[in-house]
Amino acid sequence: MSFHALGLSDELLAAVEDSGYTEPTPIQRQAIPLVLMGRDIIGVAQTGTGKTASFVLPMIDILAHGRGRARMPRSLIIAPTRELADQVAQNFLKYGKNHNLSMALLIGGVSFGDQDKALEKGVDVLIATPGRLLDQFERGKILLSGVDILVIDEADRMLDMGFIPDVERICSLLGPNRQSLLFSATMAPPIKKLADRFLKEPRMIEVARQSSTNANIAQSLLMTGPREKKQALRELLRAEEVTSAIVFCNRKRDVKELAESLKRDGFRAGQIHGDMEQRDRLSTLEDFKADRISILVASDVAARGLDIKGVSHVFNFDVPFNAEDYVHRIGRTGRAGKTGIAVTLVTSADAELVADIEKLIGARVERRGTVPQQDGGGAKSADKGAERDADAGRDAGRDADKDARPAGSRARGGKRARGGDRKPEAPRADPAPKAAPRSAREEEFDDGGWNGPLPDFLSVSARG
DNA sequence: AAAAAAG
C-alpha cells in the first residue's frame, strides 16, 4: 500500500516521495482519509508510529486553499514541549514545500518580536506550547475564533505536566465549527473527559498499547553501585557499537555534570535539559542530528516524541521515576524499523522502580551482569548484603562482564591520560545536594571535581 | 526522589 491511495494531492505526494517515505504507517493509513473527510479523531498511538505526519499531511491539503488573516490563525497545533512544537514545524516545512502555507511557531524562551510579526501577517498554521499561546492571547496578539483545525498532540504528556486546564482554556477560546484531532499514548480519564467535552463524534484510532515497548529494542539492566555508574557508562559507551546514543539522567544537574565529564574523557557529548537557553537546546539537537556530537546527555525533556534518526543506543544513567518514562525514553531508539539497544544502570536502591517498569511492560528485562563495587567503595552501601555480594560475586561478576565489555576494558580506568598517574579510580560519590543557588565559581569547582578520586576515608564517612 | 512550561 502506498501513500497514493490515501487521497492526498499530487504536490503533497511529491514532497512525501522526496522525503524518502514510500509506505504509510498504520496510523497514517487510518487517520489521513478520516482527517481529509473532516472527521474528529482520537489517535491512541505511541511516538515513533508516524503520528506527526498523520495530521500534518492532510492538514496541508485542507489548508491549501485560503489564506490566514491577521492575528487569526486557521489551524492550531498544541504540543507539550518546545522541541516537539519545533519538530511539528519541521514536518510542515518538509511536507509543505510545494505549498504556499504560512506558519508561526509560538513557544516560550524565544523573543516575542518575530512571533508578533508573523501573527500580524496572518498564518495558516500556528504551532504552540500552551503557556506562550495563552500569553500571546492575553496580550491581544491573537484571535482563536478562526481556527478550523485544532490538534492536541501528546495529550498524555500535557496531563503529566499539568497543562490540561490550559488546554481546556484554549479549546474554549476556539470557534464552534472546527475539526479537532487529539493524540495521546493513553486514554486516562482526564483525557477522555477532554475529548468528550471538545471533540465531536470522534473516531478512535488505536495503534499500539501505550505500555508496549518496541520489539526492535534489545533491553537490559546492568546492576551497579551508585558510585560505579559513571565508570560503567564509560565502559558501555566504549564496548558497544555506539554510533549515536542518548543518555538519560533524572536530574538536570547530573545531565550537566555527566555531559562535561564525558567530554573531558574525549567523548563527543552534548547536553539538553530545561534549564538551558532555548537556542542552546535546539542547537544541541541539531548537532546531534548532524552527528557533530554522538552522545546526547538528556533530562526527560528529551524523553518523549523526539524523532532523531539512527539513535543506536539509549542508556538510562538513572532509572526513571515513572515507569511510563522508561517506555518513552527507550523509544528514542529502535525507530523506523531499525533495531536499538537500551541499557539501564540499576542500583540496589532502584529495585522498586525496576519492578514498576517490568509490571508496566509486562516482561522481565534481561540482567546483563554486575559491575563489581570498587575496592574501598563497598562500604558506601548501607546494605550489608551488597557489600558481601561485592566480594562473593567478584568472580561471577568477571564472567558476566566479559559479555558486556571487551577484554582489557577493566584496566582502562588506569590507562586513560587523565588520572593515569592517579590511584586506582574511585569514582566520586554524587555531589551533595546544594541548598542554596550556587555561584559560578562553586559550579566550576564542582564540575572540576566530578572526575577526581575521593579519598576512601572521606567517601566512607560521608555515607556514615 | 524530578522534569516540564510563562516570565
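Proteins get letters first, then strands, A, B, ... in listed order; numbering begins at 1 in each.
- Counting to the nearest Å, the C1' atom of B:dA4 and the CG atom of A:L84 are 11 Å from each other.
- Both cation-pi conditions hold for A:R139 and A:F112: the charged atom is under 6.0 angstrom from the six-membered ring centre and inside a 45 degree cone around its axis.
- Picking from B:dA4, B:dA6, B:dA3 the nucleotide with the shortest atom distance to the side chain of A:T129 gives B:dA6.
- For the pair A:H273 NE2 and B:dA2 P, the computed distance is 15 Å after rounding to whole Å.
- When the options A:V44, A:I152, A:I42, A:D156 are evaluated for a side-chain contact (heavy atoms from CB on, under 4.5 Å) with A:S184, the one that passes is A:D156.
- Here the C1' atom of nucleotide B:dA5 and the CD1 atom of A:I164 are 13 Å apart, to the nearest Å.
- Heavy atoms of A:P80 sit under 4.0 angstrom from primed sugar atoms or phosphate atoms, though from no base atom.
- With respect to A:D86 and A:R82, no salt bridge is recorded, no charged nitrogen being found less than 4.0 Å from a carboxylate O.
- Here A:D166 lies out of heavy-atom contact (under 4.0 Å) with every strand.
- Here A:D124 does not pair with A:R67 in a salt bridge; the nearest charged N to carboxylate O distance is not below 4.0 Å.
- Considering only side-chain N and O atoms, A:R82 lies under 4.0 angstrom from the phosphate OP1 or OP2 of B:dA6.
- For the pair A:F248 CZ and B:dA3 C1', the interatomic distance rounds to 12 Å; values are reported in whole Å.
- Note: CD (A:Q136) to P (B:dG7) measures 10 Å, nearest angstrom.
- Taking the ring centroids of A:F248 and A:F315, they lie at or beyond the 6.0 Å cut-off.
- Atom CG of A:L106 and atom P of B:dA6 are 9 Å apart (whole Å).
- Of the candidate nucleotides B:dA4, B:dA2, B:dA5, B:dA4 has the atom lying nearest to any side-chain atom of A:K252.
- Distance, A:Q115 CD to B:dG7 P: 9 Å, rounded to whole Å.
- Residue-level contact check: A:R281 touches the backbone only, with heavy atoms under 4.0 Å from sugar-phosphate atoms and none from bases.
- As rounded to whole Å, 13 Å separates atom P of B:dA3 from atom CZ of A:R157.
- No engagement by A:G162 is indicated, since no non-hydrogen atom pair under 4.0 Å with the nucleic acid exists.
- Between the side chain of A:D160 and the base of B:dA4, no donor-acceptor pair of N or O atoms lies under 3.5 Å.
- Candidate nucleotides B:dA3, B:dA6, B:dA4 were compared by shortest atom distance to the side chain of A:D135, and B:dA6 ranks first.
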